[in-house]
Amino acid sequence: MRVSVFTEPHRGASYDDQLRFARRVEETGFEGFFRADHYRAMGDEPGLPGPTDAWLTLAALARETSRIRLGTLVTSATFRPPGPLAVMVAQVDQMSGGRVELGIGAGWYEREHTAYGIPFPGVAERFDRLAEQLEVVTGLWGTPPGETYSFKGEHYQLVDAPALPKPVQRPGPPVIVGGRGPKRTPELAARYADEFNMPFKTVAETATAYRRIREACDRSGRAGSGRAPLVLSAGIVVAIGRTDAEAQRRAAPLHAKSALPPEDPVVGSPAQLVDRLGEFAAIGTTRAHLRLIDFHDLDHLELIAAEVLPQLDGTR
């Protein structure tokens, strides 16, 4: 099981908070540091000191870390046109020496769009835009050096793009598509993604999502195309402690009112988290993204590193 840490800076974290946390993620043996791409908090809290841009932050972290994978779960397709997004991610991949991953989704949180003047079309159009973005971003990265790339879609048009810069990872950084959608999400993951992520749901719900993904891969002919099988990953909300009181203290923010859908957190001991990871492994999960809430709680991170990671295969 490969284990990364997933964070939500929109809850309230400066760049310095994220840098300190990411460095400790690297030092303690986790595979990667991933962050959400949001511009405001999900509940009534202000999220002070305010939002930090995901790709600007990851660019800086790329120069301040040396080993961990870096990426988004997930970038909203409504925030950036696909051409500039491909440039951003390729540049950060260069800056990191080839350690970047692009998690990308259709976008869902209307409140942050209206707050910052970002257009928020209906769900069908958002998925149409996501499909075109996936086509464009992977197309730009995969264009051979010296050739140009053109695309004519309903929402985006590119004419003779030089398809530069090129990322270090070829044909491009791994693409992660995730979500709970039963139709278009599996289709897009099967066609474009390197990893499918099911975020923060029960083992049973995740198993159902994996079944849909496997069926979509069969329909698309992915297995016969020579492409690698999809990595199946799960997001897990974590609040563990050496005592029940410590675990409950860390779980307190989970009870706050939020726009997020219901989740299935692990609240308890390190052994309970090991057991949950084992349950996910049994349904085919090979990568876990553990969502930790408090950037100042480095002890939480260190507890998982000391008492959970050594009991797993493939974490170091």
Quick one: does [X]'s side chain get under 4.5 Å of [Y]'s, heavy atoms only?
X	Y	result
Leu301	Phe21	yes
Lys166	Leu164	yes
Val177	Leu134	yes
Val175	Pro173	no
Gln133	Ile104	yes
Ile304	Val238	yes
Glu215	Arg219	yes

Taking atom types as modelled, is there a side-chain donor on [X] or [Y] under 3.5 Å from an acceptor on the other?
X	Y	result
Glu132	His155	no
Thr52	Gln18	yes
Thr202	Glu205	yes
Glu195	Ser233	yes
Arg242	Ser269	no
Thr65	Arg99	yes

List the atom of [X], the atom of [Y], and the distance in Å for their closest heavy-atom pair.
X	Y	result
Gly12	Pro49	C-CD, 4.4 Å
Ala247	Ala239	CB-O, 3.7 Å
Pro82	Val137	O-CG2, 3.6 Å
Thr78	Pro119	CB-O, 4.2 Å

If only atom types and distance count, is the side chain of [X] paired as donor or acceptor with the main-chain N or O of [Y] below 3.5 Å?
X	Y	answer
Thr28	Arg24	yes
Gln157	Gly153	yes
Asp17	Ser14	yes
Asp93	Gln169	yes
His10	Asp37	no
Thr75	Thr72	no

Rest of the hydrophobic cluster containing Val267 (Ile/Leu/Val/Met/Phe/Trp/Tyr, side-chain heavy atoms under 4.5 Å)?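 Members besides Val267, by chain and number: Phe6, Phe34, Leu73, Val74, Ile176, Phe200, Val237, Leu254, Ile293.
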Arg63 atom CZ: more than 12 heavy-atom contacts under 6.0 Å: no
Within residues 42-62 or reaching into it, pairs that qualify as ring-ring contact (aromatic ring centres under 6.0 Å, His included) - sequence neighbours excluded: none
As a quick check of understanding, evaluate salt bridge (charged side-chain N to carboxylate O under 4.0 Å, His left out) for Arg250 and Asp297, giving each step before the final call. CA-CA 9 Å; Arg250 288 179 168 137; Asp297 190 359; 2.6 Å; yes
Does the structure place the NZ or CZ of Arg40 under 6.0 Å from the centre of the six-membered ring of Tyr109, at an angle of no more than 45° from the ring's axis? no
Out of curiosity, [X] [atom1] to [Y] [atom2], how far, rounded to the nearest 0.5 Å?
X	Y	atom1	atom2	result
Arg227	Cys217	CZ	SG	8.5 Å
Arg11	Glu45	CZ	CD	6.5 Å
Met42	Glu112	CE	CD	5.5 Å

Under the side-chain contact (heavy atoms from CB on, under 4.5 Å) rule, what do Trp141 and Val89 come out as? Steps first, then yes or no, please. CA-CA 10 Å; Trp141 290 341; Val89 180; 3.6 Å; yes
Determine the sole option in Arg287, Arg67, Arg69 for which the salt bridge (Lys or Arg N to Asp or Glu O under 4.0 Å) test with Glu31 is passed.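 Answer after filtering Arg287, Arg67, Arg69: Arg287.
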Is there a path from [X] to [Y] through hydrophobic residues (I, L, V, M, F, W, Y) whose side chains come within less than 4.5 Å of each other?
X	Y	value
Val25	Leu309	yes
Val136	Leu85	no
Leu102	Met95	no

Apply salt bridge (charged side-chain N to carboxylate O under 4.0 Å, His left out) to the pair Lys201 and Glu263, showing each step before the final yes or no. CA-CA 5 Å; Lys201 303 303 284 186; Glu263 300 169 333; over 6 Å; no
Can you list everything that forms a ring pair (Phe, Tyr, Trp, His ring centres under 6.0 Å) with Phe79? Sequence neighbours excluded, please. Tyr39, His113
